[in-house]
Amino acid sequence: MKNELKELAVSLFDIDVVKFGSFKTKVGLETPIYIDFRVLIAHRKILKQISRALWKLSSDPDNVQQICGVPYAALSMADVIADDTEKPMIMRRKESKNHGTKKLLEGVYAAGDKCVIIEDVVTSGTSILEVVADLKNEGLEIIEALVIMDREQGGRDNLEKSGVNIKSLFTLTEMMEYLLSADKIDQSTYDKVIDYLKTNKASVKIQEEEKKNTRLTTDFLSRSKLAKNPLAKKIFEIMNEKETTLCLAADLTSADEIIKLAEIAGPHIAVLKIHVNIIDDFSQIFIKQLKSLSLKYKFLIMEDSKFGDIGNTVSHQYSKGVYKIAEWADLITVHPVAGPGIIDGLVAGLNDISEERGIFLVTEMSSKGALTTGSYIEQSLSMGDNSKLVVGHVCQSDLFKNPGMIQLTPGVKLSKDSDDLGQQYNTPESVVNCGADLAVVGRGITQATDKISAIIKYKDQLWSAYKNRLS
Ligand code: 5BU
């Protein structure tokens, strides 16, 4: 194999796949080596040799059911492999089509199919991880990623940390050694590239450290001291003391049923969330009962109204009307869609309230096709940074770092699932790993036949995932 690889390295050099000089990378950094496997489409013999050598790395070729090529350069290699092995090929688009089926994956496949990813170069590993996420979303099982060149810039580690096995034909250092020993490059070119690799590795390490979100590895008690909003502080204290991150979505339409559920769930939850306008028999008596349970069992009450109007209107919606939400809801949810004026309106709605209050901004929704993307998310995060009333964000991933703020994540069930109306579920462990501090569970509990067992199961799984996340 070594001789074959050396010959291949020389062929790649001869057809200008590997070039030396001074080049600028996509992000504007200087690099002494440039690798472009796209030229291989013009060199069929070498394309076949490379593809076949790559396939020899496969650890379980007979059990592979799908060959997935990553556009563009690796598509032709995946094609050769699929042709040779007569296995079907799938392709993950760079962008989803904005017409027709909006599919990201092209090909014929079924959930459970075992798949190998073919890629030309791995640098940080993010492109492969994106492909892995999309394949997994469709239920495919990833055996491994086969890669021609590992640039030794953190990609292998990142993939392995995410549970993706990777095999490469060459590392950049190996390629340099082959070319040096074949007299294709001189010692000074070799040294330049090796030096470049060393400094690059160091800067990748620094960038990785900077990217780490320490919010996820700091415990609730320490974070309670960093919270600007007194209610955020209280949520941290409750979670720490009761050892629970469970926010129960008591989405029931009878006041009595909610009270019954709160009575059994009370000792195990940090927050009880309701939608007041779905209750058939709402009354101030119900609020009194709920308040007394919240004091008895030490949980907070959240009204999930998702306020979303101009400041003047929300100030009335918050404090007036039948519900007088500001008088009893410790926490509410708010769509930032109207801009910062909505928060000013809510603050105005609290004029006659002396107790502490907090709001969660709905920065990202759990439902399929939600419009909460891109700059909407960015602007919502910045609205949160600028208001003391905001205790945190409702979102699906660790979008922010401020350890004094709380991530509330809905869409949680014991198995990854969805309902018929767009709701998408993830497991307790996966939402916690995606940054959830408080996790919202509704039907996973309200529709369970044995509710108390379900409550304890969610509470325990969430808590142990939080403990694991700390370490
Ligand atoms: P479920 O039964 O676990 O699907 O209930 C989830 C609850 O969280 C329900 O009350 C929703 O209104 C709420 N929710 C959500 O599911 N997704 C979101 O993005 C937001 C709130 Br915001």
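Remember, it's 1-based here, ligands and their atoms both numbered in the order they're listed.
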Practice task
Hey, can you tell me if Phe299 and Tyr297 have their rings parallel, tilted or perpendicular (30° and 60° cut-offs)?
Solution key: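 Parallel, since the angle between the ring planes stays under 30°.
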Problem - Parallel, tilted or perpendicular, as decided by the 30° and 60° cut-offs, for the rings of Tyr466 and Phe220 - result: parallel
Handout entry: Part of Met365 with heavy atoms under 4.0 Å of ligand 1, whether side chain, backbone, both or neither
Key =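 Within the 4.0 Å criterion, Met365 contacts ligand 1 through backbone and side-chain atoms alike.
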Exercise for the section: Of the side chain and backbone of Asp304, name the one, both, or neither that has a heavy atom under 4.0 Å from an atom of ligand 1. Expected result: side chain
May I ask you to identify the nearest protein heavy atom to [atom], giving residue, atom name and distance to one decimal place in Å?
{"atom": "atom 22 (Br) of ligand 1", "answer": "Lys306 CE, 3.2 Å"}
{"atom": "atom 1 (P) of ligand 1", "answer": "Tyr425 OH, 3.5 Å"}
{"atom": "atom 9 (C) of ligand 1", "answer": "Asp251 OD2, 3.2 Å"}
{"atom": "atom 6 (C) of ligand 1", "answer": "Gln423 NE2, 3.7 Å"}
{"atom": "atom 17 (N) of ligand 1", "answer": "Ser366 OG, 2.7 Å"}

Problem - Polar proximity ligand 1 side, Gln396 side, N/O cut 3.5 Å exclusive - result: no
Handout entry: Ion pair Lys291/Asp330, N-O distance below 4.0 Å
Key = yes
Handout entry: Electrostatic pair Lys234-Glu241, nearest N-O below 4.0 angstrom
Key =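 Looking at Glu241 together with Lys234, the answer is no, because their closest N to O distance does not fall below 4.0 Å.
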Problem - Pair Glu144-Ser59, side-chain donor/acceptor within less than 3.5 Å - result: yes
Problem - Donor-acceptor pair between Glu303 and Ser305 side chains, under 3.5 angstrom - result: yes
Handout entry: Per atom 20 (C) of ligand 1, closest listed option by heavy atom (Gly444, Ser367, Gly442, Pro410)
Key =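 The nearest heavy atom belongs to Pro410.
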Handout entry: Partner residues of Glu355 under the salt bridge (Lys or Arg N to Asp or Glu O under 4.0 Å) criterion, sequence neighbours left out
Key =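 Glu355 satisfies salt bridge (Lys or Arg N to Asp or Glu O under 4.0 Å) with Arg357 once adjacent residues are dropped.
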Problem - ligand 1 contact by His275, heavy-atom criterion under 4.0 angstrom - result: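 The answer is yes, since His275 has a heavy atom less than 4.0 Å from ligand 1.
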Problem - Sub-4.0 Å heavy-atom contact, Lys273 with ligand 1 - result: yes
Give the atom numbers and elements of ligand 1 that come within less than 4.0 Å of a heavy atom of [X].
{"X": "Arg443", "result": "1 (P), 2 (O), 3 (O), 4 (O)"}
{"X": "Val440", "result": "7 (C), 8 (O)"}
{"X": "Val394", "result": "22 (Br)"}

Exercise for the section: Would you indicate whether Glu138, at its atom CD, is surrounded by more than 12 heavy atoms from other residues, nucleotides or ligands within a distance under 6.0 Å? Expected result: yes
Exercise for the section: List the steps, then state whether salt bridge (charged side-chain N to carboxylate O under 4.0 Å, His left out) holds for Lys114 with Asp62. Expected result: CA-CA 10 Å; Lys114 293 189 169 64; Asp62 294 340; over 6 Å; no
